Protein chains: 2
Amino acid sequence: METRLKDAGYRITQSRRAVLRALEGGPAHVSAAQVLALGRKTCKTLSRASVYRTLEALEATGALRALPSPDGRVYVRVTDGHHHLVCQGCGDVQDFDGCALCNAWAPVAEAEGFSVAGHLLEVFGLCKSCREEEVVHVSEGSERS
Amino acid sequence: METRLKDAGYRITQSRRAVLRALEGGPAHVSAAQVLALGRKTCKTLSRASVYRTLEALEATGALRALPSPDGRVYVRVTDGHHHLVCQGCGDVQDFDGCALCNAWAPVAEAEGFSVAGHLLEVFGLCKSCREEEVVHVSEGSERS
DNA sequence: CGCTTAAAGAGACTGTGTCTCGATAAGTAT
DNA sequence: ATACTTATCGAGACACAGTCTCTTTAAGCG
Ligand SMILES: [Zn+2]
Ligand SMILES: [Zn+2]
Ligand SMILES: [Zn+2]
Ligand SMILES: [Zn+2]
């Protein structure tokens with residue numbers, strides 16, 4: 001990632017390095033706030049503005065992708081997916097791969113004069129563990145008294 | 001939608017009605033802020049809190065679905081199509097058909113132990129007219145010297 | 001009509017993301 | 001190594017979304 005930044009003409013600074021380390025060490029989905037917190041461990045003066053600037057730079061070079069999530073924006077390394085299985089039981093979100101499949105509709109969109117910049121596929125349902133749980137408390141409806 | 005709320009045990013108030021009207025009259029994708037603005041046209045004292053409360057109630061009854069978008073959260077009626085071309089220029093949203101195509105990934109999700117209840121495909125980009133406009137202000141590159 | 005209580009509205013509060021500005025240090029040329 | 005240029009920095013102001021609390025209001029019902 002660092003090389004990528006440098007090649008694109010960005011300077012490599014302490015702050016940027018801290019952000020990179022945070023991204024590498026942190027979870028697959030990170031929020032800007034998390035990056036800031038993690039980054040401060042290696043660069044005590046790291047500022048919020050720098051975090052956003054660096055994330056933006058990384059996004060511009062294609063190393064990172066910002067993606068909307070139920071609570072704010074999260075960043076994922078481009079190697080990760082943008083297709084989500086959203087569990088309606090526990091609220092958990094997991095990625096799954098499927099770009100090859102969903103690319104099929106891109107031509108459909110373009111046939112309508114639309115130029116595609118990106119897409120988001122949200123699949124709603126129940127995850128494995130929630131489905132098993134569901135079987136247990138079947139009777140109690142989701143009714144309001 | 002109103003019946004749905006009532007059946008679930010919610011009271012039908014002026015504020016709620018204003019929100020419902022806003023949702024029916026407004027665009028396919030609306031933000032909470034938009035609902036508030038639209039709703040104030042029919043209920044001058046409508047408050048932000050009420051908007052959020054009503055949206056939450058509608059979501060709970062399954063009449064509405066909140067979904068993360070590149071800029072904030074937007075709400076869509078569940079009865080509407082679930083394949084959208086969202087223009088990042090003018091904000092316009094148009095449906096397009098593609099279920100036949102996107103159903104291909106359902107087995108993929110189920111292979112992960114996930115039971116699919118529904119899905120939503122959001123395609124972001126530029127509509128025809130916005131793209132033509134874009135051509136005009138090309139020169140100002142987003143390039144880094 | 002009057003009671004009960006869900007719901008309303010106002011506004012404080014938190015957190016995210018943007019922006020500006022003077023200070024700093026990265027890269028480069030001497 | 002030193003000095004210079006300028007991208008980048010950190011701090012803090014700002015705008016806005018969303019949540020929460022508290023007091024008042026009105027929906028639904030007998
Ligand atoms: Zn679950
Ligand atoms: Zn895809
Ligand atoms: Zn457009
Ligand atoms: Zn579909």
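What you are looking at is a predicted structure, and each value in this text was computed from that prediction instead of being measured. Below, chains carry the letters A, B, ... as their sequence lines are ordered, and counting in each starts from 1.
Remark: side-chain polar atoms of A:R21 are not paired, donor with acceptor, to backbone N or O of A:K41 under 3.5 angstrom. In this structure, the side chain of B:R73 does not engage the main chain of B:A66 through any donor-acceptor pair within 3.5 Å.
Distance, B:E56 CD to D:dC20 C1': 12 Å, rounded to whole Å. Remark: P of C:dG15 and OH of A:Y52 are 13 Å apart, rounded to the nearest angstrom. Taking atom CG of A:L20 as the reference point, atom P of D:dT8 lies 13 Å away to the nearest angstrom. Atoms OH (A:Y75) and P (C:dT16) sit 12 Å apart, rounded to a whole Å. Between B:K44 atom NZ and C:dA8 atom C1' the separation is 18 Å, expressed in whole Å. In this structure, B:R17 places its CZ atom 14 Å from P of C:dA7, rounding to the nearest Å. Protein atom OH of A:Y10 is 11 Å distant from nucleotide atom C1' of D:dA7, rounded to whole Å. In this structure, B:R48 places its CZ atom 16 Å from P of D:dT21, rounding to the nearest Å.
The side chain of A:T13 sits closest to D:dC9 out of D:dA17, C:dA7, D:dC9. Comparing D:dA17, C:dG9, D:dA27 against the side chain of B:L46 picks out C:dG9 as the nearest. Closest contact between the side chain of B:A49 and the listed nucleotides D:dT8, C:dG9, D:dG10 involves C:dG9. Nearest nucleotide to the A:Q14 side chain, out of C:dG11, C:dA8, C:dA26: C:dA26. In the set C:dT18, C:dA8, C:dA26, C:dA8 carries the atom at the smallest distance from any side-chain atom of B:T54.
No more than 12 heavy atoms of other residues, nucleotides or ligands shown are found within 6.0 angstrom of CD on B:E56.
Among the atoms of the strands shown, only primed sugar atoms or phosphate atoms (P, OP1, OP2) are found under 4.0 Å from some heavy atom of B:R16. At a threshold of 4.0 angstrom between heavy atoms, the contacts of A:R73 are confined to the sugar-phosphate backbone, with no base atom among them.
Residue B:S15 places at least one side-chain N or O under 4.0 Å from the OP1 or OP2 atom of C:dG9. For the pair A:S47 and D:dC9, the criterion of a side-chain N or O lying under 4.0 Å from OP1 or OP2 is not met.
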Checklist entry - B:H84 and B:D95: side chain to side chain donor-acceptor pair (under 3.5 Å), yes or no, with the steps? => result CA-CA 5 Å; B:H84 298 149; B:D95 286 351; 3.2 Å; yes
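Taking for each of A:A32 and A:R53 the nucleotide of DNA chain C with the nearest heavy atom, the 5'-most of the two is the partner of A:A32.
The shortest non-hydrogen separation linking A:L46 to A:L36 is O-CD1, 3.6 Å.
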